[in-house]
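Quick note: residue numbers are just sequence positions, from 1.
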Amino acid sequence: MEADVYILGPRRLQNKFMASFLENATGLKCTDRSESDLNPILDKEHDHPFLILLDCPGGDIDWFWIALCIGVNSRRNKCFVALFNVTRGKGLEYEAINHGARGIFFENDPPDLLAKGVSGILKEELWFSRGNLVEWLVRTENDKNSSGQKEVPLTVRQTEILAMAVSGISNPEIAEKLCISQCTVKAHLHNIYRKIDVQNRFQAAIWASKNL
């Protein structure tokens with residue numbers, strides 16, 4: 001896989017070591033940059049996908065949401081954005097997904113998990129826990145219903161199954177959780193894919209991130 005990783009944040013020495021580790025662990029080109037380099041990175045012509053990792057050590061987080069929106073809305077390149085060094089318990093997971101982040105890494109996550117997540121995101125995976133994704137889908141659905149927005153063409157049960165499916169839960173696990181057969185799960189997923197016009201779980205996850 002050919003891709004670039006940019007680590008943006010104020011802690012340049014720490015991020016320089018992190019870039020070196022990720023480069024050795026993933027084989028990707030990794031560089032540390034300052035926050036002011038965001039626009040030059042986005043303006044640069046990239047021949048392959050790239051990931052921007054935003055250092056989120058606490059404090060005022062408005063900059064992160066602005067950077068996320070700029071990165072996610074950049075249509076010139078295949079740009080992915082994720083947060084790292086996030087403090088657990090701050091409730092940032094929902095906002096990160098809502099602003100278009102592709103993943104989130106906590107301050108106590110082991111380095112190997114970070115390397116695995118970076119590779120996964122660049123393969124167009126969503127790097128959030130199952131619980132985070134299910135909570136986001138449910139909260140978004142509730143917000144949509146309370147605001148009177150046009151509903152998506154899915155039933156409550158289909159939305160529930162979609163939430164589980166895109167968060168990485170297997171068909172047997174979904175069947176067990178909902179006390180239904182695996183054949184019923186497959187039938188639901190077939191109908192969901194047909195309604196939202198996708199072919200697989202990854203496309204369904206992208207659809208959910210844009211439409212729910």
Would Ile161 and Leu189 count as a side chain to side chain contact (heavy atoms under 4.5 Å, CB included) if you check the C-alpha gap in whole Å, the side-chain angles of each, and the deciding distance to 0.1 Å? CA-CA 8 Å; Ile161 290 174; Leu189 288 174; 3.8 Å; yes
Leu126 and Ile121: CA distance, side-chain angles, deciding distance, side chain to side chain contact (heavy atoms under 4.5 Å, CB included) verdict: CA-CA 6 Å; Leu126 296 174; Ile121 290 171; over 6 Å; no
Please lay out, stage by stage, how Lys195 and Thr155 fare under the test side chain to side chain contact (heavy atoms under 4.5 Å, CB included). CA-CA 11 Å; Lys195 282 185 174 182; Thr155 66; 4.2 Å; yes
Could you walk me through whether Val81 and Leu54 pass side chain to side chain contact (heavy atoms under 4.5 Å, CB included), step by step? CA-CA 7 Å; Val81 184; Leu54 301 175; 3.8 Å; yes
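Inter-residue side-chain proximity for Asn15 and Leu8 is flagged as unmet; no heavy-atom pair is nearer than 4.5 Å. No side-chain heavy atom of Met18 sits under 4.5 Å from any side-chain heavy atom of Asp55. For the pair Arg157/Leu178, a side-chain contact is recorded, criterion being any heavy-atom separation below 4.5 Å from C-beta on. With contacts defined as side-chain heavy-atom distances shorter than 4.5 Å, the pair Arg102/Glu124 qualifies. Side-chain contact between Ile104 and Phe84 is absent, with no heavy-atom pair separated by less than 4.5 Å. In this structure, Ile52 and Cys79 have side chains that are in contact, with non-hydrogen atoms separated by less than 4.5 Å. Side-chain contact check for Val86 versus Leu83: some heavy-atom pair is nearer than 4.5 Å. Within the 4.5 Å cutoff, the side chain of Ile196 has heavy atoms near those of the Leu154 side chain.
Between the NE2 atom of His188 and the SG atom of Cys183 there is a distance of 12.0 Å, given to the nearest 0.5 Å. In this structure, CG in Asn85 is found 11.5 Å from CZ in Phe106, a value given to the nearest 0.5 Å. Met164 contributes atom CE, which lies 6.5 Å from atom CD1 of Ile174 (distance to the nearest 0.5 angstrom). Taken from CG in Asn108 to OG1 in Thr87, the straight-line distance is 8.5 Å, to the nearest 0.5 Å. Atom CD1 in Ile7 sits 10.0 Å away from atom NZ in Lys16 (nearest 0.5 Å).
Listed here is the closest heavy atom pair of Gln182 and Pro172: OE1-CG, 3.6 Å. For the residue pair Cys30 and Leu22, the shortest heavy atom distance occurs at SG-CB, 3.7 Å. Phe105 and Ala82 get closest at one heavy-atom pair: CE1-CB, 4.2 Å. Here the closest heavy-atom approach between residue Ser119 and residue Thr26 is recorded as OG-CG2, 3.7 Å. Contact record, Phe80 with Pro49: CE1-CB, 3.9 Å, taken as the closest heavy-atom pair. Counting all heavy atoms, side chain and backbone alike, Ala204 lies closest to Tyr193 at CB-CE2, 3.9 Å.
Ion pairing of Asp4 with Lys29 is absent here, as no side-chain N (NZ or NE/NH1/NH2) approaches a carboxylate O to less than 4.0 Å. By the 4.0 Å N-to-carboxylate-O rule, Asp109 lies too far from Lys116 to be salt-bridged with it.
One hydrophobic cluster holds both Val118 and Leu113 under the rule that ILVMFWY side chains link at heavy-atom gaps under 4.5 Å.
The closest donor-acceptor contact from the side chain of Asp37 to the backbone of Ser34 lies under 3.5 Å.
With Tyr6 as the aromatic partner, Arg33 does not meet the cation-pi criteria of under 6.0 angstrom to the ring centre and within 45 degrees of the ring axis.
Inspection of the Glu23 and Ser20 side chains reveals no N or O donor paired with an N or O acceptor under 3.5 Å.
In this structure, Glu107 places its CD atom where more than 12 heavy-atom neighbours from other residues, nucleotides or ligands lie under 6.0 Å away.
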